[in-house]
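The structure under discussion appears below in the form of structure tokens.
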Amino acid sequence: MSVRLSPDAFQQLVADALDNMPQEVLELLDNVDVHTQFWPSADQLEETGIRNGYGLLGLYEGTPLTDRGHYNFALPDRVTLFQRPLEAICATHEELERQVQVTVVHELAHHFGWSDEEIDRMGFG
Ligand SMILES: [Zn+2]
């Protein structure tokens, strides 16, 4: 059993997850857009080397703050939350809320220049 939300309701969950982040963290975000898609695109799957669309819950694309030595006129970083894969692993609305929160933290941590290994160690893998 999994949860199914309307795209609007899912976007609201993501907005709430962002609101839950400490103010200190939100103030450090720089040129990053957070948005949602139903599924990862073929390009996004190829980029990550993940074959199964269900295997990707969120994605960070961009230039981490730690790599911005010569950073000018760049497109914003993009954090994408994938609605259907996230819904598929959650049995309840509360679980989905929690999973969205963990995924938002995970992808924003990449924006701050953390590796997957470091994020895993902090319990947001
Ligand atoms: Zn990651």
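Counting starts at 1 for both ligands and their atoms, following the listed order.
- The two residues L59 and E47 come nearest to each other via the heavy atoms CD2-OE2, 4.1 Å.
- Excluding waters, the set of protein N/O/S atoms under 2.8 Å from the Zn ion (ligand 1) reads H106 NE2, H110 NE2, D116 OD1.
- Using a 4.5 Å heavy-atom threshold, the side chains of L29 and L108 count as touching.
- D8 and Q12 are not linked by any side-chain donor-acceptor pair at a separation below 3.5 angstrom, with hydrogens and angles left out of the test.
- Looking at every heavy atom in both residues, F38 comes nearest to P7 through CZ-CG, 3.7 Å.
- The shortest distance between side-chain heavy atoms of Q83 and Q11 does not fall below 4.5 Å.
- Here the closest heavy-atom approach between residue Q44 and residue T80 is recorded as NE2-OG1, 4.1 Å.
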